[in-house]
Amino acid sequence: MANSKFEYVRQFEQPDNLLRETWIVVRIDGRGFHKLSDRYKFEKPNDRRALDLMNAAAVSVMKDLPDLIIAYGVSDEYSFVFHPNCDLFERRSAKLVTTIVSTFTASYVHQWATFFPDKPLELSNLPTFDGRAVQYPNARILRDYMSWRQVDCHINNLYNTTFWALVLKGGLSNVEAEKELSGTVSSDKNEILFSRFGINYNNEDEIYKKGSVVYRQYQLEDQSSTATATTQAPESQAPPTELSKTQQEKMRKLRRKAQVVVEHVDIIKDDFWQRRPWLLS
Ligand code: ATP
Ligand code: ATP
Ligand code: MG
Ligand code: MG
Ligand code: MG
Ligand code: MG
């Protein structure tokens with residue numbers, strides 16, 4: 001680039017490279033989706049089309065960015081996880097966050113009509129997302145982060161399912177339903193659902209209770225329930241933390257070819273991770 005007397009303004013830019021060797025989670029969240037879900041008449045408590053659209057957009061992001069290991073989504077949010085050895089954009093926070101947010105948003109908007117053919121997007125009510133990057137120093141804390149989001153999914157979904165049963169089936173006003181639920185614990189909500197509406201919460205769809213996990217499927221999962229954390233994937237799929245440029249390129253190719261799957265399963269217990277040892281290796 002040509003030098004000019006204006007060039008010095010570059011010095012005002014601050015470095016924002018994230019720490020090496022840490023797991024990076026970029027969490028995005030729909031902006032004002034409470035209003036947006038009203039505007040486009042999402043079904044309450046859970047609009048399946050809206051969740052499928054979120055998942056379709058997340059799959060686009062995973063396919064576009066082979067550096068991503070796994071993603072977890074619930075409601076209007078999605079968390080995308082980069083491996084500690086990822087060097088994309090030299091780990092610059094703003095670059096990583098804005099690339100994920102805009103790739104996700106572009107895909108979400110592009111695919112909207114497929115999921116909501118009867119509800120064209122209005123220029124004055126376009127879906128947008130914010131995002132942030134957080135670093136976690138080891139796999140244990142990363143897993144605790146993922147567990148935190150899935151517990152949140154469960155707590156919110158149980159509350160919302162009960163709240164909307166009281167409103168839509170019980171004829172209560174929103175304020176009355178809120179009052180009825182204040183101070184209740186999980187077992188109370190399960191009881192309200194079962195005794196008053198004949199709903200067994202356990203039979204609700206897994207996607208609502210567990211959220212959605214998106215990852216690359218390299219090989220048949222280890223089906224044995226005795227799989228342990230020490231189970232190793234083949235060499236090429238269990239990279240050392242420090243990778244040479246050629247190794248990184250090889251990994252990236254492998255990741256690009258792998259199938260991206262969406263599942264609604266427990267990611268809190270060890271089982272999910274033990275059966276897919278390549279995720280945290
Ligand atoms: P903010 O901009 O602060 O994130 P928000 O209105 O998006 O505000 P959130 O806490 O992110 O608030 O909550 C998202 C809201 O969007 C939910 O509370 C719910 O009302 C609605 N929503 C999101 N996804 C769905 C869905 N699949 N079905 C029905 N409602 C949904
Ligand atoms: P990066 O992802 O690093 O930004 P890039 O390919 O987007 O890579 P930029 O430095 O941002 O590189 O340059 C954008 C390039 O896009 C320009 O060099 C030009 O080739 C092309 N481009 C952008 N806008 C136009 C336009 N209106 N007409 C023709 N070409 C354009
Ligand atoms: Mg928010
Ligand atoms: Mg939101
Ligand atoms: Mg949200
Ligand atoms: Mg550019």
Side-chain angles (χ1 to χ4, degrees), residues 1 10 13 25-59 61 64-65 71-80 88-90 92 94-109 111-119 121-122 124-134 145 148-169 173-175 177-178 181-182 189 199 201 204-214 262-264:
M1 205 201 292
R10 212 181 227 304
E13 292 187 14
V25 174
V26 174
R27 181 168 76 252
I28 67 166
D29 186 281
R31 191 172 148 237
F33 263 46
H34 190 77
K35 179 169 160 254
L36 186 118
S37 62
D38 271 353
R39 190 73 197 80
Y40 294 106
K41 301 196 167 52
F42 285 10
E43 281 161 26
K44 294 292 176 182
N46 292 301
D47 190 307
R48 179 62 198 246
R49 299 160 299 177
L51 291 176
D52 288 342
L53 174 54
M54 288 290 293
N55 293 344
V59 168
V61 173
D64 198 50
L65 298 171
Y72 175 74
V74 45
S75 181
D76 68 339
E77 72 167 60
Y78 240 102
S79 299
F80 294 93
L88 184 62
F89 303 129
E90 296 157 327
R92 288 158 68 185
K95 286 262 192 182
L96 293 170
V97 173
T98 56
T99 300
I100 288 199
V101 165
S102 62
T103 306
F104 187 94
T105 307
S107 179
Y108 187 98
V109 169
Q111 299 189 77
W112 174 275
T114 311
F115 294 89
F116 292 107
D118 50 332
K119 295 173 191 194
L121 278 177
E122 298 156 359
S124 52
N125 287 293
L126 290 175
T128 54
F129 294 82
D130 66 34
R132 74 199 65 181
V134 182
Y145 170 82
W148 173 52
R149 296 325 301 145
Q150 191 164 53
V151 166
D152 214 55
C153 168
H154 166 72
I155 293 170
N156 289 334
N157 189 57
L158 179 58
Y159 182 93
N160 292 337
T161 305
T162 318
F163 177 91
W164 286 104
L166 289 168
V167 171
L168 298 175
K169 297 184 174 137
S173 72
N174 289 19
V175 176
E178 203 181 317
L181 288 177
S182 93
K189 296 184 189 78
I199 297 170
Y201 183 76
E204 293 291 293
D205 286 352
E206 294 299 312
I207 185 173
Y208 305 144
K209 290 186 295 185
K210 302 237 168 52
S212 302
V213 53
V214 185
V262 181
E263 292 174 357
H264 318 292

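Remember, it's a predicted structure, so these values are computed and weren't measured experimentally. Numbering of ligands and ligand atoms starts at 1, following listing order.
Of the listed residues (Lys41, Lys44, Arg49), the one carrying the non-hydrogen atom nearest atom 20 (O) of ligand 1 is Lys44. Here the shortest heavy-atom distance to atom 27 (N) of ligand 1, taken over Asp47, Thr128, Asp38, belongs to Asp47. Between atom 21 (C) of ligand 1 and the options Gly73, Gly32, Ser37, the minimum heavy-atom separation is to Ser37. Looking at Gly30, Pro127, Ser75, it is Ser75 that brings a heavy atom closest to atom 22 (N) of ligand 1.
Under a 3.5 Å cut-off, the side chain of Lys119 and the backbone N or O of Lys41 do form a donor-acceptor pair.
Dense packing is recorded around CD of Glu206, with more than 12 heavy atoms of other residues, nucleotides or ligands lying under 6.0 Å away. Atom CZ of Arg49 is surrounded by more than 12 heavy atoms from other residues, nucleotides or ligands within 6.0 Å. Residue-environment remark: NZ (Lys169) stays at or below the threshold of 12 foreign heavy atoms within 6.0 Å.
Proximity to Leu51 (heavy-atom distance under 4.0 Å) selects the following atoms of ligand 1: 27 (N). Within ligand 1, the atoms closer than 4.0 Å to a non-hydrogen atom of Pro45 are 28 (N), 29 (C), numbered from 1 in the order shown. The ligand atoms of ligand 1 that sit less than 4.0 angstrom from a heavy atom of Asn46 are 28 (N).
Considering both main-chain and side-chain atoms, Ala50 never comes within under 3.5 Å of ligand 1 through any nitrogen or oxygen pair. In terms of N/O distances under 3.5 Å, ligand 1 is approached by Asp29. Between Phe42 and ligand 1, not a single N/O pair is under 3.5 Å apart. Below 3.5 Å of separation, one finds no N or O of Arg31 facing any N or O of ligand 1.
Under 4.0 Å from ligand 1, the heavy atoms of Glu43 that appear belong solely to its backbone.
For Lys44, the side chain to side chain donor-acceptor pair (under 3.5 Å) criterion is met by Ser37, not counting sequence neighbours.
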Kindly determine whether Phe33 and Phe129 satisfy side chain to side chain contact (heavy atoms under 4.5 Å, CB included), including the steps that lead there.
CA-CA 9 Å; Phe33 263 46; Phe129 294 82; 3.6 Å; yes
For a side chain to side chain donor-acceptor pair (under 3.5 Å) check, start with the C-alpha distance between Asn157 and Asn46, then their side-chain angles and the critical distance, and finish with the verdict.
CA-CA 9 Å; Asn157 189 57; Asn46 292 301; 3.0 Å; yes
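Here the N, O or S atom of Asp29 that is nearest to the Mg ion (ligand 4) is OD1. For Asp76, the N, O or S atom with the smallest separation from the Mg ion (ligand 4) is OD2.
Between Glu263 and Lys210 there is no salt bridge, since no side-chain nitrogen of the basic residue lies less than 4.0 Å from a carboxylate oxygen of the acidic one. Taking a cutoff of 4.0 Å between a charged side-chain nitrogen and a carboxylate oxygen, Asp52 and Arg48 qualify as a salt bridge. A salt bridge is defined here as a Lys NZ or Arg NE, NH1 or NH2 lying under 4.0 Å from an Asp or Glu carboxylate O, and Arg149 with Asp152 meets this definition.
Counting backbone and side-chain atoms alike, Arg31 contributes no N/O/S atom closer than 2.8 Å to the Mg ion (ligand 4).
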